[in-house]
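Just follow the structure's listing: the first ligand is 1, and inside any ligand the first atom is 1. Quick caveat: nothing in here was measured; it's all calculated off a predicted structure.
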Amino acid sequence: MILGIETSCDESSTALLEVKRGRVAALEHIVASQAIHAKYGGVVPEVAAREHSSTLPPILAALADRACGSPDGRKLARKVDIIAATRGPGLVTSLKVGLDTALALSVAWRKPLYGINHIEGHIYANWLPGGEFERSWSRDAGIFPALVLVVSGGHTELLLMAGHGRFRLLGATRDDAAGEAFDKTAKLMGLGYPGGPALSKLAERGNPSSFDFPKPMINDRHFEFSFAGLKTAVLYFLRDNRHRMTEGDFMADVAASVERSIVDVLTAKCARAAASFRVKTVMLAGGVAANSKLRENLAASLKAAAPKARLVLPPKEYCTDNAAMIAAAGWFNARKRRPDDLRRLQADPGWELGRKKP
Ligand code: KG4
Ligand code: ZN
């Protein structure tokens, strides 16, 4: 039974996950999203940390209530075998709230603690209920080597996964992440924050071939990305076409064209990597994995470029930040390594999965 805690950005989340006989036997999870950042148009770190410290205790109590029928932590303490909390990457002040709470609980309850990589958490969303690997907790046949396309608000990268906990970074974004590209263009279009889901909704009514926005690095052989230029292109395009913004489907066409640029780059690079490394599976991970166009286009491209690779999509419910995925990663960490040393464990805001030490 794993208690999961996630506070790396602007979602406070707790989860209790029970794994038995190679599958999830029980799962409770609570996510409290911080709506306050919408009025600033982005996450304000100091505000996020304060929100976490006021939200985490009540959502721990609510988790105890759901799982044990009482908000009293003593019953929860008896159930929990290990604690898993996000250690990085993320905003350091946000990470500290969750990790310090987990450290205190670990000392008070005398339970082993695992500091978890947030991106590894996103990957293990594929093992949660509704996911392709929900019955594969003790069976790895047919999964590895896997290629993971991580697409979140803070990260865009391609990782080669040789086995549980074994990652090699093939390439990452040099500037903005895919989620950031969605959020920043959505903001320019007046769609609020976070704008990814809103932009994608608006795009449904638009024609993706209306405008040619840049598709940065789409034909380069390396596996790096760059989305900052796209945002600038949209900024100038909207400035030059301000008079058309109230025209019929103009904004929907812009949204659909922007979405196509982002999705085409992600899809092309991912399909090329899947073919070059001859992987058995291609997994999506992170908030942008919820995007329907990305899911559809990737399926089509993989069929052509790497027909033997199986495409694995995380359940939509677990794509964005949550503690259930952190608890899942905790379970796999506990199978492979010792718990963290409580005297040394610290938040690591820049922790990169799979990057070779220089
Ligand atoms: O993984 P996540 O919850 O947070 C980070 O770890 O960064 O990802 C959040 C990102 C935001 O940028 C949000 O706009 C984007 O995921 N996102 C989407 C969709 N749902 C969430 N982007 C495009 N289409 C979606 N349906
Ligand atoms: Zn995330």
Side-chain angles (χ1 to χ4, degrees), residues 4-13 29 31-35 37-38 41-43 45 48 85-91 94-95 98 116-126 128 148-157 159 172-173 176-189 191-204 206 208 227 230-231 255-256 258-267 283-298 313-326 328-329 349-353:
I5 297 179
E6 154 66 35
T7 62
S8 67
C9 189
D10 59 343
E11 254 93 30
S12 318
S13 180
H29 89 291
V31 181
S33 297
Q34 303 178 355
H37 304 289
V43 179
T86 307
R87 177 157 82 86
L91 302 169
S94 286
L95 288 165
I116 301 299
N117 183 292
H118 178 80
I119 301 299
E120 189 173 6
H122 275 301
I123 296 167
Y124 280 106
N126 287 300
L128 290 173
V148 190
L149 174 62
V150 178
V151 275
S152 73
H155 287 78
T156 295
E157 55 198 33
L159 287 160
T173 181
D176 289 353
E180 235 172 327
F182 271 108
D183 292 342
K184 287 179 175 171
T185 44
K187 191 174 170 184
L188 293 172
M189 295 169 69
L191 298 173
Y193 178 87
L199 190 142
S200 164
K201 181 104 202 43
L202 179 61
E204 284 170 16
F227 289 108
L230 174 63
K231 168 197 66 195
V258 167
E259 181 174 58
R260 169 177 265 187
S261 283
I262 300 172
V263 166
D264 280 359
V265 173
L266 295 172
T267 303
M283 279 182 236
L284 265 185
V288 184
N291 184 276
S292 309
K293 271 278 161 333
L294 177 60
R295 289 171 170 243
E296 286 163 22
N297 288 21
L298 199 52
L313 304 168
K316 284 203 174 170
E317 183 187 359
Y318 301 112
C319 283
T320 45
D321 292 349
N322 66 83
M325 67 188 200
I326 301 302
W351 187 5
E352 284 191 89
L353 208 55

Can you tell me if Lys293 has over 12 outside heavy atoms packed within less than 6.0 Å of its NZ? no
Determine, stepwise, if the pair Thr7 / Thr86 fulfils side chain to side chain contact (heavy atoms under 4.5 Å, CB included). CA-CA 7 Å; Thr7 62; Thr86 307; 5.9 Å; no
Run the numbers for me: atoms of ligand 1, each under 4.0 Å from some heavy atom of Gly154, listed by number. 7 (O)
Close N or O approach (Gly179, ligand 1; < 3.5 Å): yes
Could you tell me the residue and atom name of the protein heavy atom closest to atom 15 (C) of ligand 1, and the distance to it rounded to 0.1 Å? Val288 CG2, 3.9 Å
Geometry only, no angles: is Asn291 polar-contacting ligand 1 at N/O separations under 3.5 Å? yes
I'd like to check Pro349 versus Leu91 (side-chain heavy atoms, cut-off strictly below 4.5 Å). Are they in contact? no
To the nearest 0.5 Å, what is the distance between NE2 on His37 and CG on Asp10? 5.0 Å
Less than 3.5 Å between some nitrogen or oxygen of Glu180 and one of ligand 1, yes or no? no
Would you check whether Cys9 reaches within less than 4.0 Å of ligand 1, judged by its heavy atoms? no
Closer than 4.0 angstrom: is that true for some heavy atom of His118 and an atom of ligand 1? yes
Proximal candidate to atom 20 (N) of ligand 1 [heavy atom criterion; set Ala125, Ser152, Gly287, Gly196]: Gly287
Using side-chain heavy atoms (C-beta onward) and a distance below 4.5 Å, is Leu353 in contact with Val150? no
Tell me if the NZ atom of Lys316 is crowded by more than 12 foreign heavy atoms within 6.0 Å. yes
Could you list the residues that satisfy side chain to side chain donor-acceptor pair (under 3.5 Å) with Asn297, not counting sequence neighbours? none
Glu157 side, atom CD; Ser152 side, atom OG - distance, nearest 0.5 Å: 8.0 Å
Taking 2.8 Å as the distance threshold, tell me the number of protein N/O/S atoms next to the Zn ion (ligand 2). 3
As a check for students: among Thr156, Leu199, Asp183, identify the option with a heavy atom nearest to atom 13 (C) of ligand 1. Asp183
Asp321 N/O under 3.5 Å from ligand 1 N/O: yes
Straight-line distance of Ile262 CD1 to Phe182 CZ, nearest 0.5 Å: 4.0 Å
So, 4.0 Å and heavy atoms of His122: is ligand 1 close enough to count as a contact? yes
Value rounded to 0.5 Å, distance of CG in Asp321 from OG in Ser8: 5.0 Å
Least distance between heavy atoms, Val31 atom then His29 atom: CG2-CD2, 3.7 Å
Work out which heavy atom in Pro315 is nearest to a heavy atom in Ala125; give both atom names and the distance. CD-O, 3.4 Å
Can you tell which of Gly153, Gly90, Gly195 gets a heavy atom nearest to atom 8 (O) of ligand 1? Gly153
Counting from 1, what ligand 1 atoms have a heavy atom of Thr320 closer than 4.0 Å? 3 (O)
